[in-house]
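The structure appears right after this line, and notes come after that.
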Amino acid sequence: MFILLDIDYAGTNKAVIRLFGRNEVKLDTNFSPYFYIVPDNPDFVSKIKKEKINERTAERIELVKRKFEGKEIEVVQLFLSHPKDVPAWRYELKKYGKRLEADIPFARRYMIDKSLSPLGEVKLPEFEAGKASIRDPRVLAFDIETISDGPIKIGKNKITMISLWGQDIQKVITWAPVKGEHVELVKGEKELIQAFIRTLSEYKPEIVVGYNSDMFDWPYIKKRAEKYKLNLSFNKEKLVFVKRGRASAPRISGMNLIDLYVFVRDILSPYMSSETLGLGAVAQELLNETKLDIGGHQGMTKAWEENPEVLYEYALQDAKITYGLAKEILPLVYELGTIVGLPLFDMSRMRSGQLVEWLLIKEAHSQNTIAPNRPKRDTILERRQTSFEGAFVKEPIKGLHKQIAVCDFRSLYPTIIMSQNISPDTIDCEHADCKIPGPTGHWFCKNKAGFTPKILKSLFDERLKLKSGMKKMTRDSVEYKIADTKQKALKLILNSVYGYLGFPGARWYSLESARAVTAIGREYIKQIMETAEKLGFTVVYGDTDSVMLTLDGPNFEKTLDKFLKKVNKTLPAPMELELDGVYDCGLFVTKKRYALMDAQGKMVIKGLERVRRDWAQVARKTQEQVLRLILQGDTDGAIKHVKSVVAQLKKKEIPIDQVIITEQMTKRPEEYKAIGPHVKVARDLIKMGKPIEPGSLIEYVVQIGKGSISSRSIPAETAQDYDSEYYIERQVIPAVARLFEAMNRDQHELQGKQSRLEFFS
DNA sequence: TCCATCCGGGG
DNA sequence: GTGTACGGATGGA
């Protein structure tokens, strides 16, 4: 059986598709690049047939029937020998009319036309999609360590170690004199890179994962290899960098280089609670595994110089964690790949809008429909100018509330799109019986199912089927896990469609559709709030698709039940309001900023975390502790805690490392117009002979004195003292003030002109 | 309140 | 790679 792992094309004059399977490569010589032309007038067809560009004629020209923008039309389908010919032809044939689907990368074109999926079967010799698929490709995780002095710069210093982790391979290649079970000792850096190439070539991983490896590990290896004129080829497949917008991505054909950080950042992060997306934090949340603490970059330097064994353990653990993350994350990538039908290399680097777009292109193709062209730059800019009203967010009733029910719509926007048939091709149709305008003055056809709702419906139904099937499975079983991953992948795409319709770069952009979705959403949520209030609930807060309700008295649960039943009776299918959970208490600060705590003491915090590094630790820690105390009902204790931190700051009992503020240089120090503290400190550091480049992290401490904050900031390494007042007034107090304001409006107002500082003193 | 700028991950 | 693909928070005017 031939399983498709990766795909690309070769050939200089005639393109040949290369399909990478397990240990074999198959060539398909019978597929040609093509695009469509909609001739401005019928005479053009014969002219197009005579066209020659660079002395070459088209391979084949056909007149075909396709659907485009809702109409069936005759178009010219122009086949060429090589994808590289397309840009010239696309440009030259401009004079005949609109060119369509002239920017679909060749390998993607192949997968779409053949309905192939990554990790799916390809039947040979027909090159047709088969039914089988695998979910256990050979995965190898890797991580590099380098000598680190000063700011990170790709290729500046030597690579000291490369750690690798897979099912049956665990090793650290290094030239440092380290002893350890998994050490492969080599002579120097050159041999290290050679050993790495050899290992990959022999192990033949089907997927190679790293963490931030697109922007760090792979480009670093490439730079260092150049120094020794090493050829970075793995079983004859070269490492190349594929340009993708502002960034570029490393690629080795057949090996599926995947950067887990990119996928976490672009796809998973909205579903995660961690605000930072470093390997440590992500592994902690997703795996409950802890990254070894080596003591920051100073600790790393020290380990390298004095005790490389520590660095070896650290490197091995990083590769192990990366492998663990891959096991957790990749199944979702595989399922998305099956839904969208693109190579894993592309899939794993796409944002949700792109996932939707390529799914739509694939679906359009299967419906004999040509996709709209991508909007041009100026169109995108123009679209960006037009904003539209988003979701309804109710101003919360500030303060602490007890016993809170959280109800939300299951997939609000997708269900609105489906139930109202919202789609670029159903808007303002001509049927007389459809013309009942919605809240934005537009209507959507009632007679034919729209393009996007139809696709959503099939995803939605498949997900429901999976979910009901899962109820009969045991939670720990493999089949449950697979079904769960599938439904998550479906949910991810379902949730992305609304955003896609309003995304300026979308081919199927439809401002009026997106606008209608949020307008209808606002109507529903407001209606729900009214219903809740009529039943006696107090609506403490509500945002987009959720309401948070409290009710005094003994009938809480009964009324809640009544409420849900009543609401759901009136909602059109498949819309549904569900009980998300009941919380013991919650603190509401402002829109989007609140915290909830359940009976087990578990906190859900939204919008309040201060984990950004441009806040001093003392402020971040104090905020967290205050929040916990308030939710535990101990507001006095919280005030006391702040007072104690303030007192400690005044007495300089808080150590200096708690007041260090870290900011990154994004350009060279002399390029800044606004001289912020970190720029001023960067200039100081340069005077001290330290090299500062874009990317350098500047650690500073604010000192007592006159003048601006910038002028009073000095490098953290030279700081012996700090300005207590600054850290109290500008860091600690602002971080907690909102919380207390929400708790204690009256008391704060009673404070009148008294400053916040006095209040906490 | 609006607009420009900054930031992410990695050693 | 049949290129020309951020989005959210912040802080200054």
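Letters A, B, ... are given to chains in the order of the sequence lines, protein chains preceding strands, and every chain is numbered from 1.
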Walk me through whether A/Trp508 and A/Trp358 qualify under ring-ring contact (aromatic ring centres under 6.0 Å, His included).
CA-CA 11 Å; A/Trp508 278 273; A/Trp358 286 93; 9.9 Å; no
Among [options], the one nearest [X] by side-chain distance:
X        : options              : answer
A/Arg377 : B/dG10, C/dA5, C/dG3 : C/dA5
A/Leu279 : C/dT2, C/dC6, B/dG10 : B/dG10
A/Asp318 : C/dT2, B/dG11, B/dG9 : B/dG11
A/Leu277 : B/dG9, B/dG10, C/dA5 : B/dG9
A/Phe503 : C/dT2, C/dG7, B/dG10 : C/dG7
A/Glu145 : C/dT2, B/dG9, B/dG11 : B/dG11
A/Thr276 : C/dT2, C/dG3, B/dG9  : B/dG9
A/Thr146 : C/dT2, B/dG11, B/dG9 : B/dG11
A/Pro33  : C/dT2, B/dG11, B/dG9 : C/dT2
A/Ser148 : B/dG9, B/dG11, C/dG3 : B/dG11

So what does [X] hit on the nucleic acid, given a heavy-atom distance under 4.0 Å: a base, only sugar-phosphate, or nothing?
X        : result
A/Gly505 : nothing
A/Asp143 : sugar-phosphate
A/Tyr34  : base
A/Arg351 : base
A/Ile104 : base
A/Ile154 : nothing
A/Asp8   : nothing

Rounded distance (Å) that lies between atom [atom2] of [N] and atom [atom1] of [X]:
X        : N     : atom1 : atom2 : result
A/Asn373 : C/dT4 : CG    : C1'   : 15 Å
A/Phe345 : C/dA5 : CZ    : C1'   : 13 Å
A/Phe35  : C/dT2 : CZ    : C1'   : 9 Å
A/Tyr500 : C/dG7 : OH    : P     : 13 Å
A/Gln385 : B/dC3 : CD    : C1'   : 12 Å
A/Ile329 : B/dG9 : CD1   : P     : 14 Å
A/His678 : B/dT5 : NE2   : P     : 14 Å
A/Met215 : B/dG9 : CE    : P     : 12 Å

Any A/Tyr9 side-chain N or O less than 4.0 Å from OP1/OP2 of C/dT2:
yes
Counting only side-chain N and O atoms of A/Arg374, is one of them less than 4.0 Å from OP1 or OP2 of C/dG3?
no
Rounding to 0.5 Å, atoms CG (A/Leu355) and CG (A/Leu342) come to a distance of 8.5 Å
Could you tell me whether a side-chain N or O of A/Arg383 sits under 3.5 Å from a main-chain N or O of A/Ala506, the two making a donor and an acceptor?
yes
Compute whether any side-chain donor of one residue and acceptor of the other, for A/Tyr314 and A/Lys291, lie under 3.5 angstrom apart.
yes
Roughly how far apart, to the nearest Å, are C/dG7 and B/dG9 at atom C1'?
16 Å
In sequence, state the C-alpha distance, the side-chain angles, and the governing distance for A/Tyr220 and A/Ile144, and then conclude on side-chain contact (heavy atoms from CB on, under 4.5 Å).
CA-CA 9 Å; A/Tyr220 212 110; A/Ile144 71 168; 3.6 Å; yes
A/Phe31 and A/Tyr34 aromatic ring geometry - parallel, tilted or perpendicular at 30°/60° bounds:
perpendicular
Hey, can you tell me if A/Phe142 and A/Trp218 have their rings parallel, tilted or perpendicular (30° and 60° cut-offs)?
tilted
